[in-house]
Each structure stands twice: as structure tokens, then as C-alpha cells.
Amino acid sequence: MMKKINSLYIHIPFCDSICDYCDFTKLQYFHNFAVKYIESLKQEIASKNIDYKLKTIFIGGGTPTSLEDDLFEDLLSYLSTLVDTNTEYSIECNPESLTKTKVEIMKKYGVNRISIGVESTNNNILKSINRKHTFEDVQKAVELARREGINNINLDLILGLPNVTFNLLEKDIENILSLNPNHISCYGLTVHEHTVFFINGIKPPKDDVLRRMYDLVNQRLTEAGYEHYEVSNWAKPDYECEHNLTYWRDEQYFGCGLGASGYEGYIRYTNTRNLNKYIKDYKEKESEEVVTLSDDKTYYIMTNLRTKYGINLDFYKEKFKEDLLNKNREYLEKLFNSGLAYIQEETNSLICTYEGMMVLDQIILNLI
Ligand code: SF4
């Protein structure tokens, strides 16, 4: 019997302008396309036949708040049957497109978490990467969300943007902390082909520089009471992102919208990234993969080791009929001795330390 799926990701691919580093599935906002897109999206959501309340919904993008108010309300109203007061309901937004009306609509339909793309708090840096907001817009957006009663706020920062020195990074952290968010995500810059960054020959910082940036962020955020609970994420107690934990626990989720990925039953899929195809037929897939037991094991290790909860060894044994500890005893001993991982006895879990999370790719390669 298929396990009940408790999480839904929805992708809104439109943005008011395109940032120089962006590799997400996104395109410039255009009203007629947006209207047709929301129609296809609703059909896709209906096709999932969800007749119960979900634990988490995450509307990401692109920029979901770039939708015009009536379309935005149309979508949220459509989703309202899937939501109750226990649903963690998040929406991503850019600071400049978070208006009072948008927040009122969110509040009306039960959205209780807002994730704001800050990326840098230095206005010159923001301008240089073609972001349209200033740090003052971020301050206003956070104030607005709280005033309207949405108090669970995540702020995103990118580490390693061009010209961000350690001094500027210190200032970024200070500025972010001054807003007292519940959750902070910091992702290292990657430069993808076909982005303006790539065309302009911009390179991400060297590994050791990025590592020192992570160390600085981790030190400051930990001192300020945030817990490092996933490689790139810090949260105040009780404010971990339940939706993202679905991915990191390797649990199943519905994915709807252009280029959205999902995991249902034994299938992992990614929807088409072609807007015309999606509008014509939401069922178009870019890829579809039947997950074998061995793939599942790989995903399980790759995702679970990202978090402070690690891999529960009893659960792993039952699921994969394999003793992870015995199978990799020699290698794991090395990790334990060098302080990269440990066994938490109360839960019988294999957990990476902060140091281990910083070299996670290597650890995973040795375990799969
Ligand atoms: S707003 Fe976000 S999704 Fe849109 S272009 Fe910028 S980074 Fe990409």
C-alpha cells in the first residue's frame, strides 16, 4: 500500500526580473502566461486527489509573490481545502513584492511562514547582481509580515557573492540578526552555465574561503541562539523547516508546477521545464525514475546525513536489511576518531558533526 504523502511543493516560475546568478526554473512575469499557468497548476494539484489536510505546503519559485493579487488569491483559495491550523504553510517571496495585500491574502488562507530572499544586505552588492531590493525593503517586509500576524520568518543569504569580503559578511550577519528571524538559510554560491555570472566569467570562491565563511556564519548564529540543524540551515528552537525536513528524511512529497520534482510511491519525477508544454499538458515530464532499493538507499544516506538527526541505524536496518555500521566499520571508525561523525546512543543514530557536514560529499561517497 502506498504511504500517505504529507507534503506538497508548488512551483511558481515567474519573476519580475532575473538575477545574474539564477539557475532556477523561472521566467519573466507575463500576465497571459500566468493566468494559463495557474489553470494548469490547479489541474495538476487536482490530479493528486489529496482529500486530507497536509502537514506541509511550500510555494517556491521563481517568485510566488510576483503573481498579481487576484491570481495569487485564486491559487491560495484553491489550496485551502488542504490546509488546517497544523499545516506548516510557507511561501517564498522577494522583499520588494511583499505588499500588504499579499500578506493579508496569505494570512486569510492560513500561510504561517514566509521565506524572504535577502541574499546580501549590502545595497551595492544587491544592485551588482541585479536584485531589485535594498536592505531597507527587507526590513520593511519583515515588519509588514509580523504586523499582519505571520511571525515565522526565514531569511536566505548567499555566501561567496563577488566582492563580499569577510568584513561585509560580518555586516550581513549582523544585519540579518538585527531582524531576529526564526530561521536562516545560507547557501554557498554556485555558478551555473547559461547564467550572467557564468557568461561574465565569475567564479565561486575557493573551497577554503567558502569554508571560512561558513565557519563565521556558524559561529555567529550559534552564539545568537540558532542551531545548525542542516548543512546550510540554522533555526531557533522549534523553528526547523518541517517541509525541507521531508526531503532530508527522504520522505515522499507531491511536486506540482513547472520543473517541480516529486517523489510518489516508487517514482521520482521532474516536471517539464518548458512553459508551453506545461500549459498544454501538466503531465509532461522532464524525467521519471523508478527508485530501486539500491537507489533508495543512496538517497536515504545522502539526505539523512545532512541533518543533525542523522541516520537512525535501527530504522535503516529494517528498511534496507543491512547493518550500516558493520558494513562500513573500518571507515566509520576513522570518522569517529577524527571527530567527523559519532553514534548518538539514545537514538542509535549515525550523525555527522559540523566538521563532518563540511566534508559531507566525501563521507557519502564512501558510504554508498
Ligand atoms: S528572484 Fe529568485 S528565482 Fe527569480 S531570478 Fe532571482 S534568484 Fe532566480
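Just follow the structure's listing: the first ligand is 1, and inside any ligand the first atom is 1.
- One of the N, O or S atoms belonging to Cys15 lies under 2.8 Å away from atom 4 (Fe) of ligand 1.
- Annotation for Lys277: atom NZ does not count as buried by contact number, only 12 or fewer foreign heavy atoms lying within 6.0 Å.
- Remark: distances from the non-hydrogen atoms of Glu92 to ligand 1 are all 4.0 Å or more.
- Residue contact annotation: Cys19 places no N/O/S atom under 2.8 Å from atom 8 (Fe) of ligand 1.
- The closest approach between Gly117 and ligand 1 stays at or above 4.0 Å for every heavy atom of the residue.
- Nearest protein heavy-atom contact of atom 2 (Fe) of ligand 1 is Arg131 NH1, 4.0 Å.
- In this structure, Phe14 and Tyr29 have perpendicular ring planes: the angle between them is above 60°, well past the 30° mark.
- Interface of Tyr21 with ligand 1, defined as ligand atoms under 4.0 Å from a residue heavy atom, comprises 7 (S).
- Looking from atom 3 (S) of ligand 1 to the surrounding protein, the closest heavy atom is Gly62 N, 3.4 Å.
- Cation-pi contact between Lys285 and Tyr269: present, with separation from the ring centre below 6.0 Å and deviation from the ring axis of at most 45°.
- Here is the list of ligand 1 atoms found below 4.0 Å of a heavy atom in Thr63: 1 (S), 4 (Fe).
- Ionic pairing of Glu242 and Arg249 is present here: one or more N-O contacts between side-chain nitrogen and carboxylate oxygen are shorter than 4.0 angstrom.
- A salt bridge does not link Lys321 with Asp296: none of the charged nitrogens is closer than 4.0 Å to a carboxylate oxygen.
- Two rings, from Tyr247 and Tyr253, have their centers less than 6.0 Å apart.
- In this structure, Tyr316 and Tyr300 have tilted ring planes: the angle between them lies in the 30° to 60° band.
- The residue among Cys22, Cys93, Ser17 with a heavy atom at the shortest distance from atom 8 (Fe) of ligand 1 is Cys22.
- Taking the six-membered ring for Trp and the full ring otherwise, the centers of Tyr229 and His183 sit less than 6.0 Å from each other.
- Remark: ligand 1 atoms within the under-4.0 Å shell around heavy atoms of Phe24 are 3 (S), 8 (Fe).
- In terms of protein heavy-atom proximity, atom 1 (S) of ligand 1 is nearest to Asn94 ND2, 3.2 Å.
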